Amino acid sequence: MAQIETSMRGYLGEHAGLKFIFFGGKGGVGKTVFAAATAMWHAKQGRRTMLASTNPVHSLSSLLGQNVLGTHTAVDGVPNLWAYEIETKDTIERSKVEIREKIQWFLKFADISTKAEDFVESATMNPAFEESAMFENMIDLMLKNEYDVYVFDTAPTANARRLLGMSKVYSLWVNKMLKSREEAKTLREMLSFTKKKEKDPLMDYLLSFRDRMEQARVLLTDPELTSFFFVTLPEALPIAVITRFVQWFHDFGIPVGGVIVNMLIDRAAVGADAADFVKNRVAMQQEHMETVWQKFDGSVRAIVPLFDDEIRGLPMLGRLRDSLFV
Ligand SMILES: Nc1ncnc2c1ncn2[C@@H]1O[C@H](COP(=O)(O)OP(=O)(O)OP(=O)(O)O)[C@@H](O)[C@H]1O
Ligand SMILES: [Mg+2]
């Protein structure tokens with residue numbers, strides 16, 4: 001039977017300067033509870049820790065039993081720990097204003113008499129719009145640098161990887177925007193009789209955005225600062241999901257901290273008189289554990305048992321933390 005080489009505790013000891021910690025994996029595997037437990041562990045080490053949710057479907061407030069939506073909130077009873085569910089409403093409103101301005105300008109330029117509003121609505125109803133607003137807010141949080149450690153509770157599946165993949169796409173996009181903006185500006189200046197240079201708030205925004213993206217990219221690809229941990233269950237689908245993730249992240253040059261297996265049923269606790277479905281499940285899990293060792297040997301950081309209750313509230317989180325950081 002294979003064994004854990006470097007545990008979660010060991011890994012974080014070897015990478016004591018880690019500042020940005022992420023948890024990825026299929027829906028419902030335990031990303032949120034592990035993010036919270038990891039943040040609690042860091043806070044206990046005396047480090048100012050921010051537990052931030054970038055999952056549009058937030059669940060930190062209900063996990064902690066405390067409203068943390070939209071503001072940095074000190075977690076009751078846990079010194080050094082703050083939690084924060086990032087709100088995209090304001091960012092989306094601000095982006096709408098910017099898009100509206102751009103579309104209005106274009107419609108006027110092209111002499112089209114349509115209301116900009118219809119275009120604005122269809123552009124901002126796109127789900128990718130919320131995702132990019134979330135990403136912007138996350139970067140703002142990282143660059144403000146008000147905490148020692150940031151643990152992020154990310155959205156399931158492709159989102160986490162897209163979040164970072166986006167930084168490449170974004171800089172391409174922003175460069176293109178800048179170019180067309182520059183051309184339009186020159187054209188306008190050539191056509192106008194007044195020679196005074198126009199102020200261009202959108203251009204300023206794009207430039208600062210590109211700079212912030214670049215800074216974020218540097219931070220997120222630095223293995224001394226950033227680590228992504230992938231959570232799986234001993235089941236086929238979640239394993240398949242993180243197998244793809246690990247590959248993608250390697251390809252993108254984003255540091256992978258390792259794999260955490262969650263909800264393994266304690267075999268010793270299952271007696272001979274247990275119901276068949278329980279025995280079958282234990283057997284199934286054992287089989288999938290073989291795959292886990294085959295695929296991720298050397299990268300498995302923790303194997304966390306299935307608890308007898310759901311993980312809610314600080315006492316339960318404390319138990320989970322102790323099991324993650326044995
Ligand atoms: N080891 C465990 N034992 C028992 N229950 C657990 C364990 N780990 C997680 N849970 C429970 O499983 C559910 C899913 O956990 P969690 O919300 O952390 O998953 P998630 O990956 O963040 O989900 P989502 O993709 O929806 O954000 C929760 O109800 C949580 O309490
Ligand atoms: Mg979650």
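If you're wondering where the values come from, they're calculated on a predicted model, not measured in any experiment. All ligand and atom numbering here is 1-based and tracks the order in the structure.
Within the listing of ligand 1, atoms 15 (O), 16 (P), 18 (O), 19 (O), 20 (P), 21 (O) sit less than 4.0 angstrom from a heavy atom of G30. Set against the non-hydrogen atoms of L306, the atoms of ligand 1 under 4.0 Å away are 3 (N), 4 (C). Within the listing of ligand 1, atoms 4 (C), 5 (N) sit less than 4.0 angstrom from a heavy atom of D309. Interface atoms of ligand 1 facing G27, defined by a heavy-atom separation under 4.0 Å, are 25 (O).
Neither the backbone nor the side chain of S59 comes within 4.0 Å of ligand 1, counting heavy atoms alone.
Under 3.5 Å, the side chains of N55 and K31 contain no donor-acceptor pair of N or O atoms. Remark: the Q247 side chain and the D251 side chain contain an N/O donor-acceptor pair separated by less than 3.5 Å. Side-chain atoms of N80 and T49 form no donor-acceptor pair, as typed in the model, at a separation below 3.5 Å. A donor-acceptor pair shorter than 3.5 Å cannot be found between the side chains of Q66 and T73.
Seen from the ring of Y147, R48 counts as a face-on cation partner, given the 6.0 Å and 45° thresholds.
Across N262, V57, D308, heavy-atom proximity to atom 2 (C) of ligand 1 is greatest for N262. One option in S62, G28, G24 has a heavy atom closer to atom 14 (C) of ligand 1 than any other, and that option is G28. Checking E310, M263, R312 against atom 10 (N) of ligand 1, the nearest heavy atom belongs to M263.
Remark: ligand 1 and N55 share an N or O pair separated by less than 3.5 Å (distance only, no angle test). Between V33 and ligand 1, an N or O atom pair is found at a separation short of 3.5 Å. Below 3.5 Å of separation, one finds no N or O of V304 facing any N or O of ligand 1. Considering backbone and side-chain N/O atoms, K31 comes within less than 3.5 Å of an N/O atom of ligand 1.
Tested against F20 for a ring-ring contact (aromatic ring centres under 6.0 Å, His included), the candidates F229, Y150, F228 yield a single pass: Y150.
Between F230 and F245, the angle of the ring planes lies from 30° to 60°, which puts this pair in the tilted group.
Between the Mg ion (ligand 2) and N55 there is no N/O/S contact shorter than 2.8 Å.
More than 12 heavy-atom neighbours from other residues, nucleotides or ligands sit within 6.0 angstrom of CD on Q45.
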